[in-house]
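Each ligand, and each atom within it, is numbered from 1 in the order the structure gives.
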Amino acid sequence: MSAALERVVVEAGHSRHLECLVIRGGRFRLVRLPALVGVVRHPTEGVVLFDTGYAPRVRRAAAEGPLRLYPWLVPFSTDDATSLRSVLARQTIAPEEVRTIVVSHFHPDHVGGLRDFPGARLVATAEAWRHVEGARRWRALRLGYLPALLPADFRDRLRVVDGFADAAFGPFPATHDLFGDGRLRLVPLPGHAAGQVGLLAEVSAERRVFFVADACWVSAGYQRPALPSAVARLVTHDARALRRSLERIHAAWRSDPGLLVVPSHCPSLAGGRACA
Ligand SMILES: [Zn+2]
């Protein structure tokens with residue numbers, strides 16, 4: 001058995017939203033939501049990222065046609081210093097060391113930094129990709145998808161995961177074992193976006209980290225569990241699937257004291273105040 005996994009959570013840009021939109025029962029106040037990225041160092045497969053946060057190119061990618069509405073709908077903040085590439089450089093991780101990026105889903109705050117890692121293999125579910133592939137203009141806006149964020153060779157580098165046939169994880173009947181060693185497993189979390197996927201990292205025999213993307217935006221979402229507001233659910237792909245994903249995360253968390261659950265936008269995981 002080689003060395004254990006190392007993992008960290010870093011922030012790459014942020015957005016601001018009303019707490020009452022982020023989670024049902026939240027207050028009428030603006031909250032700062034970090035765009036969090038999972039960074040895992042696998043003993044033989046190198047650095048694996050879970051998503052890539054915002055980057056300045058997100059603004060440029062939203063500069064044409066109906067997509068210009070995106071920054072109005074999602075007020076975000078990004079600059080060179082807070083982009084994932086810069087954040088990793090400060091942790092002495094060079095872009096070439098990143099060998100795999102798991103794309104949870106195709107919203108801009110998850111794929112904004114993809115172009116900064118030209119050597120990485122990209123992993124997404126077939127359903128997530130099918131849903132956005134070829135979308136332009138109004139359809140792209142409705143899906144929250146900015147096509148210009150994807151690298152030109154995206155399709156060549158994409159490893160599509162079509163189905164989950166590996167070991168169960170608690171209430172999740174099946175997973176996809178990324179490297180065949182059980183250390184990193186993709187977990188289906190549909191609902192927020194079509195084909196969304198989470199990543200379960202076995203850090204040690206006692207410690208697991210579960211990156212759950214936008215199945216909930218803040219930790220109270222899986223702990224209660226509670227859906228986002230009715231307004232936010234208007235942009236939810238499948239509210240019933242979202243509820244099921246959330247209930248499964250909640251059950252996994254309740255039954256496993258060694259499990260750290262990481263929603264992609266929880267302020268408390270970035271040193272901020274907890275929401276709701
Ligand atoms: Zn999202």
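Taking CG from L21 and OG from S229, the interatomic distance works out to 4.5 Å, rounded to the nearest 0.5 Å.
Residue side and main chain included, H110 places no N/O/S atom under 2.8 Å of the Zn ion (ligand 1). The Zn ion (ligand 1) has an N, O or S atom of D214 closer than 2.8 Å.
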Throw together a table of side-chain donor-acceptor distances under 3.5 angstrom for residues 136-144, partners on residues two or more places apart or in other chains.
| unit_1 | atom_1 | unit_2 | atom_2 | d |
| --- | --- | --- | --- | --- |
| R139 | NH2 | H131 | O | 2.8 |

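The six-membered or imidazole ring of Y222 lies away from that of F210, with a centre-to-centre distance of 6.0 Å or more.
With the Zn ion (ligand 1) as the vertex, ND1 (H107) and NE2 (H192) define an angle of 90°, rounded to 10°.
Annotation: salt bridge (Lys or Arg N to Asp or Glu O under 4.0 Å) contacts involving residues 147-171, sequence neighbours excluded, comprise D153-R157.
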